[in-house]
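So that the names make sense, note that chain A is the first sequence line, chain B the second, and so on, each numbered from 1.
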There are 2 protein chains.
Amino acid sequence: MEQDHYAGLLLENQLCFPLYAASREIIRLYRPYLEALDLTYTQYITMMVIWEEREISVKQLGGRLYLDSGTLTPLLKSLEAKGYVTRTRSEADERVVLVRLTDTGLALRERALSVPAGMRACLRLTDAEAATLYKLLYKLLTSETGN
Amino acid sequence: MEQDHYAGLLLENQLCFPLYAASREIIRLYRPYLEALDLTYTQYITMMVIWEEREISVKQLGGRLYLDSGTLTPLLKSLEAKGYVTRTRSEADERVVLVRLTDTGLALRERALSVPAGMRACLRLTDAEAATLYKLLYKLLTSETGN
DNA sequence: TGCAATTAGATTGTACACAAGATAATATAC
DNA sequence: GTATATTATCTTGTGTACAATCTAATTGCA
């Protein structure tokens, strides 16, 4: 009786909890790999976008990463202090701050090349499972904005 | 050529990123529901375990939630300040702090009953998709500890 | 043109996460 | 039985997250 009534509030019946816990566990697994690059996990995924784009505004970066300026501003200042990027106001629109990859930042990409394979080896999922998980996570991520 | 070489470092080819981003998005969706209960998301899942156990040590709580005392100590002090739990040293072992549900904390459970259904309505996943996702997330969560 | 609305970014304040180190209590080895 | 190791928790410091607020620049429109 009571079990049924409160079953919805049991941790083991939540979808959010394994999502939250697994996310933190994966980030924890990245730590040793990323420490060698002097990057945190958030800095790492930020660098991924910058490696791809070479130059991008804070706003666009936030759109890609689902992060706002409150998180990105200090993070980008830190990446700038490490010498991986520069931050300059756009001349075309002074509101915009453009983040640009430096040579040091580009060189870091080479050293980061081994990270993804190392991480994949840590995860005990088959390729099919990983693909299914990937699809479902993106469905979650892109579907709930309407509410 | 270059694309292939660096494909592993593209954000869109990461499994970790949608995991991380979806986790934050779901927690963001919980916010309006939990604000009415004066709980953050982490406090909410902590209360779930305490509602279930009534009394639990900080260590056991950390095992259930994958959180350490550095996170839990201030969080539990905050829950204590709100009147939902008490924190007392175990008499049997003075190293252990026992967290106990108060009457106020128990009453909060009633008000939390509507949260899970409200959240499920926000997620546009079928029951089958949710079940698959749940299974894969727990596989991730429980399988990578060996490395 | 001129001004209200919008936009991009920075700042502030609160709350995690978590590594690293400290402290006190208990268990273990000898 | 005592020295040592282990354990549980707390504390400190760093780095996110994110809401709310602020500022400055740009856009839109009457």
Interatomic distance, B/E25 CD vs D/dA17 P [rounded to whole Å]: 13 Å
From A/R109 CZ over to A/L101 CG, what is the distance, rounded to the nearest 0.5 angstrom? 8.0 Å
Provide, to the nearest angstrom, the distance between the OH atom belonging to B/Y30 and the C1' atom belonging to C/dC16. 18 Å
Rounded to whole Å, please give me the gap between CG in B/L65 and C1' in C/dC16. 13 Å
Check side-chain hydrogen bond (donor to acceptor under 3.5 Å, both in side chains) between B/R87 and all other residues, then give those that pass, not counting sequence neighbours. B/E80
Can you check the B/L67 CG to C/dA19 P distance for me, whole Å? 11 Å
Polar contact flag, side-chain donor to acceptor under 3.5 angstrom, A/Q60-A/S57: yes
Distance, rounded to the nearest Å, where A/D38 contributes CG and C/dA19 contributes C1': 15 Å
Length of the CZ-P vector between A/R24 and D/dA17, whole Å: 12 Å
Does the side chain of A/R31 get closer than 4.0 angstrom to OP1 or OP2 of C/dC18 through an N or O atom? no
CD1 of A/I27 versus P of C/dC16: gap in Å, rounded? 17 Å
Which residues pass the ring pair (Phe, Tyr, Trp, His ring centres under 6.0 Å) test with B/Y44, sequence neighbours left out? B/Y30
Identify, with sequence neighbours excluded, every residue that meets side-chain hydrogen bond (donor to acceptor under 3.5 Å, both in side chains) alongside B/T42. none
Can I get a per-line list of side-chain donor-acceptor pairs under 3.5 Å for residues 10-20 of chain A, giving both atom names and the distance, sequence neighbours left out?
unit_1, atom_1, unit_2, atom_2, d
A/N13, ND2, A/A7, O, 2.8
A/Q14, NE2, A/G8, O, 2.6
A/Q14, NE2, A/L10, O, 2.8

Think A/R28 has a side-chain N or O under 4.0 angstrom from the OP1 or OP2 of C/dA17? no
Any chance you could list the contact pattern along nucleotides 3-15 of chain C? Use B for base contacts, S for sugar-phosphate-only contacts and - for none, protein heavy atoms under 4.0 Å, 5' to 3'. ----BSSBB---S
Presence of B/Y20 side-chain N/O under 4.0 Å of D/dA17 phosphate oxygens OP1/OP2: yes
Whole angstroms only, please: what is the CD-P distance between A/E35 and D/dT14? 15 Å
Taking salt bridge (charged side-chain N to carboxylate O under 4.0 Å, His left out) as the definition, give me every residue that meets it alongside B/R89, ordered by chain and number, with sequence neighbours left out. none
